[in-house]
Structure formats: structure tokens, C-alpha cells
Visitor: 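For reference, the structure I am asking about is given below.
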Amino acid sequence: MNRYLPVARQHFLAALASTSVVVKTISAVVVLLYMLSWAVDTPYALGVTPGYLFPPNFWVWTLVTHGVVEQHVWGVAANVGTVMACGRLLEPLWGALELLIFFAVVNVSAGLLAGLSYLLTYVATFDLDFLFAVRVHGVAGFLGGVLVALKQTMGDTTVLRVPQVRLKAAPALVLLLLALLRLSGLLDSSAPLAAYSYGALSGWVYLRFYQRHSRGRGDMSDHFAFASFFPEALQPAVGLLAGLIHSALVKIKVCRKMVKRYDVGAPSSITISLPGTDPQDAERRRQLALKALNERLKRVEDQSAWPSMDDEEDDDEDEVRTSTLPLLPAQHPESSIISFEDAPSTS
């Protein structure tokens, strides 16, 4: 194990060096706050505590800082790894500024919604622990948003081959895993589960309706609908419910209505384009499909048995020998026997 650590460290530093200033800054803040947590209770000062988030205390800065606060080394590794994955997979498509905006939107929304849910739980139970004993912090909220973004951009990528799991199923699987860990008691708090859920929801709302593209805002494609996060058996019911909620939000002007553009000047038939369908995304999806097709063809070629060159040469020689043999028997069999007799001696 010790001999692999320098190699892993070298690869990590090389990957970190190739990222942008945004990724490096967020990673450095996570590490510094983790070192500071040895002396100071950073989750209390910088994490979201529902009782201090709302008036009269109003600790609004915790909405910005709770996403970079970690208490354990595995939390630091998960946080930095998530940010670096964004730098390598999402930043080339979005840009550094858009990545920073996404980071801020997801973390602020996840902290606010989680704090509000705990406040409503206190109103229903009058248990003060939901107000002052809960600390919402860590990478869970941003991780939910990142998995939703990866589902949007590269959802058909295979994560596991046995059993086959695609990246588009990762948000639901991680949510199920956190729920099982909470029910089994391995998680001592429901704050990570709440932060992840609200982070995934806020990330989807932002990417679906508000993210700016070259051809409009949001992504109204069918593969990114809210029902696509659920199993196929539940998608019709979830789609109907989501459609009703979306219609209500459109009426109160919280969400934007889906707009279709008709290009009547096209040389062929009328074309319909949805906002958020960037040509770069279409080209990237075509490249991914081409790569998957090449991999399948390569596996088929490796599994098929091809004859060797030696066998082919032997077969050719046999064919040549066979072709040189006479096809019909000799018409004069006596001519095939030649005898030589000694000439009589003359004296």
C-alpha cells in the first residue's frame, strides 16, 4: 500500500494542477477549514443550525459556508473529489464562472430548504433538538446537484458493468443508500440525507429552468424530466403530478413556461427546437455514442476466432497440388511404360 501512495499523490496533484482557479480555491478552503476544525467548532460557526438561521439570530453566512465544512478526513476526500470531478467533467462544458454559480446556487438552496424543513418539523413536534442540535454541513448537498448535472450531460455512461448501472441512475441510488444508512443507524443525523435531497432538487430546478445556454435557458428535453429520476413503473404518475405542480408554478411566475420555436424558413419540413438544447451537447452525445459503438465492435472482434496465416498458406498449397493432378486418365497406357533394351552387339 505504501508504494502506491506516492503514485496516487502524484496523480492527484497533476489532476489538481490542471483545474481552474475556482476548483483550486474551493479545494483549498475545504482543507483549511478541516485543519481549523481541530481547534474550533467549525460546524457550529459555519454550518447551518436551523434555530440560528432564521430571525432573531439570522446567521445567513452559514448558507454560503456550510458546503465547505468537514470534520472527518473521508469527508474532505469526498468534498475535494466532487469538486475536482466538476472541474474535469462539467467545467469544460460550462466554464469556470458557471460552475461557481452552480456551486453557490446548490449550496445556498440546500442549506435554506434543509433549515426550513427542520423548522417546520419543530413546529409539528415542539422538539428543540430540531432547531439547535442539528448541523447541516458537508458535501452532501453539492454532491446531489453534481450527480443531477452528470445525469443531464452524460447519463448514458456506464458506471458499473456487473450489475449494469448507468450514470443516470446514480442520483436515486445515492439517495437510497443514504436513507438505508440512516435507517440502520450508521448515520447519526438525518442532515446529510436532507441536504442531499434538497441539493439534487435545487440543482435540477436550476438546470431545468434557469441555466443560460446559447439557445435560451434551461433544458426542457424529455430525458431530463423530473419523472426520469424514478423507475419506469412510477414515471407516468410522477410525470402527471410534476406537470400539475409545474403548471401551478408557471401561473405564479416561479417557473418559466416551455417555449417551442418553429423555423418556417427551413428548406425541409418545419423544425421544432426546445430551449437549452445546445449543439455542443448534441455533438458530445454523438461522440459518446460513437465511442460506445467502437468498444462493442472491438469486443466482438476479440471474441471471434480468425484462422492463422499459416493455415491459409497450407490450404493454398493443397489447392495448388490438387490442381496439378490430371483430371482424366491417360488415353495410352502403354506409353506410360518406357523400357530400355541393350542393343545387340555386332562382331
Visitor: Applying side-chain hydrogen bond (donor to acceptor under 3.5 Å, both in side chains) to Tyr44 and Thr62, what does each step give before you reach the verdict?
Guide: CA-CA 9 Å; Tyr44 172 78; Thr62 58; over 6 Å; no

Visitor: Would you call Val105 and Tyr210 a side-chain contact if the rule is heavy atoms closer than 4.5 Å?
Guide: no

Visitor: Kindly indicate, with the supporting measurements, whether the criterion side-chain contact (heavy atoms from CB on, under 4.5 Å) is fulfilled by Gln211 and Trp94.
Guide: CA-CA 10 Å; Gln211 188 185 39; Trp94 294 353; 3.3 Å; yes

Visitor: Is Val123 reachable from Leu113 through a run of hydrophobic residues whose side-chain heavy atoms are each under 4.5 Å from the next?
Guide: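 As far as the 4.5 Å side-chain criterion goes, Val123 and Leu113 are not connected within one cluster.
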
Visitor: Looking at side-chain heavy atoms only, is the closest gap between Cys86 and Phe103 below 4.5 Å?
Guide: no

Visitor: Taking the six-membered ring for Trp, are the ring centroids of His246 and Phe209 within less than 6.0 Å of each other?
Guide: yes

Visitor: Heavy atoms, side chains only, cut-off 4.5 Å: are Phe58 and Leu53 in contact?
Guide: no

Visitor: Does the gap between the ring centers of Tyr52 and Phe132 come in under 6.0 Å?
Guide: yes

Visitor: Would you say the side chains of Gln152 and Asp219 form a donor-acceptor pair under 3.5 Å?
Guide: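 Result is yes, a qualifying pair exists.
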
Visitor: Looking at every heavy atom in both Ser202 and Gly199, which two are closest together, and how far apart are they?
Guide: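 Nearest pair, atom of Ser202 first, then Gly199: OG-O, 3.0 Å.
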
Visitor: If I take atom CG from residue Leu63 and atom CG from residue Asn107, how far apart are they, to the nearest 0.5 angstrom?
Guide: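 The CG atom of Asn107 is 9.5 Å from CG of Leu63, to the nearest 0.5 Å.
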
Visitor: How many angstroms lie between CZ in Phe130 and OG in Ser117, if you round to the nearest 0.5 Å?
Guide: 10.0 Å

Visitor: With side-chain hydrogen bond (donor to acceptor under 3.5 Å, both in side chains) as the rule and sequence neighbours excluded, what pairs involving residues 226-235 come up?
Guide: Lys151-Ser228

Visitor: Checking Tyr122 against Leu128 for the side-chain contact (heavy atoms from CB on, under 4.5 Å) test, could you report, in this order, the C-alpha distance in whole Å, the side-chain angles of both residues, the deciding distance, and whether it holds?
Guide: CA-CA 7 Å; Tyr122 163 75; Leu128 288 176; 3.6 Å; yes

Visitor: If you define the side chain from C-beta out and look only at heavy atoms, does anything of Tyr118 sit under 4.5 Å from Val136?
Guide: yes

Visitor: What is the ring orientation for His72 with Trp74, classed by angle as parallel under 30°, tilted 30 to 60°, or perpendicular over 60°?
Guide: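 Parallel, since the angle between the ring planes stays under 30°.
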
Visitor: Parallel, tilted or perpendicular, judged at 30° and 60°: which one describes the rings of Trp204 and Phe224?
Guide: tilted

Visitor: Please give me the minimum heavy-atom distance between Asp188 and Arg182, naming the atom from each residue.
Guide: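 Heavy atoms of Asp188 and Arg182 come nearest at C-NH1, 3.2 Å.
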
Visitor: Would you say Arg208's side chain and Ser221's backbone share a donor-acceptor pair under 3.5 angstrom?
Guide: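 Yes.
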
Visitor: Aromatic rings Trp61 and Trp59: how do their planes relate, parallel, tilted or perpendicular, breaks at 30° and 60°?
Guide: parallel

Visitor: With side-chain contact (heavy atoms from CB on, under 4.5 Å) as the criterion, how do Leu147 and Leu143 come out once you've worked through the C-alpha distance, each side chain's angles and the decisive distance to 0.1 Å?
Guide: CA-CA 6 Å; Leu147 291 180; Leu143 177 62; 4.2 Å; yes

Visitor: Starting at OH of Tyr206, measure out to OG of Ser109 and round the result to the nearest 0.5 Å.
Guide: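 Rounded to the nearest 0.5 Å, the OH-OG separation comes out at 10.5 Å.
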
Visitor: What heavy-atom pair brings Arg135 and Pro43 nearest, and what distance separates the two atoms?
Guide: CD-O, 3.6 Å

Visitor: Calculate, to the nearest 0.5 Å, the distance between atoms NE2 and OG1 belonging to His137 and Thr49 respectively.
Guide: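 One finds 9.0 Å between NE2 of His137 and OG1 of Thr49.
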
Visitor: Is the shortest side-chain heavy-atom distance between Val68 and Phe142 below 4.5 Å?
Guide: no

Visitor: So, do Leu112 and Phe54 sit near enough that their side-chain heavy atoms are less than 4.5 Å apart?
Guide: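 Result yes, sub-4.5 Å side-chain heavy-atom pair found.
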
Visitor: Looking at CG of Leu187 and CG of Leu193, how far apart are the two atoms once the value is rounded to the nearest 0.5 Å?
Guide: 8.0 Å

Visitor: Hey, does Leu116 have a side-chain heavy atom less than 4.5 Å from the side chain of Tyr198?
Guide: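 Not touching, per the 4.5 Å side-chain cut-off.
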
Visitor: So which residues get pulled into Leu180's cluster when ILVMFWY side chains under 4.5 Å apart are joined, directly or through others?
Guide: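 Its cluster partners, ordered by chain and number, are Leu176.
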
Visitor: Locate the shortest heavy-atom distance separating Arg166 from Asp156; write the atom from each residue and the value.
Guide: NH1-O, 2.8 Å

Visitor: Indicate the atoms forming the closest heavy-atom contact of Ala110 with Gly141, along with that distance.
Guide: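 Result for this residue pair: CB-CA, 4.3 Å.
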
Visitor: Could you pull out the closest heavy-atom pair between Phe102 and Ala149, with the gap in Å?
Guide: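 The pair with the smallest heavy-atom distance is CZ-CB, 4.2 Å.
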
Visitor: I'd like to know whether Leu175 forms a side-chain contact (heavy atoms from CB on, under 4.5 Å) with Ser197, so could you lay out the CA-CA distance, the side-chain angles of the two residues, the decisive distance to 0.1 Å, and finally the verdict.
Guide: CA-CA 7 Å; Leu175 178 63; Ser197 303; 3.3 Å; yes

Visitor: Quick test of your reading: applying side-chain hydrogen bond (donor to acceptor under 3.5 Å, both in side chains), list the pairs with at least one residue in residues 79-93, sequence neighbours left out, ordered by first then second residue.
Guide: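 Listed by first then second residue: Ser20-Glu91, Glu70-Asn79.
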
Visitor: Working to the nearest 0.5 Å, report the span between CG of Leu99 and CG of Leu93.
Guide: 11.0 Å

Visitor: Do Val21 and Lys24 come close enough that some side-chain heavy atom pair is under 4.5 Å?
Guide: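 With C-beta onward as the side chain, the pair stays apart.
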
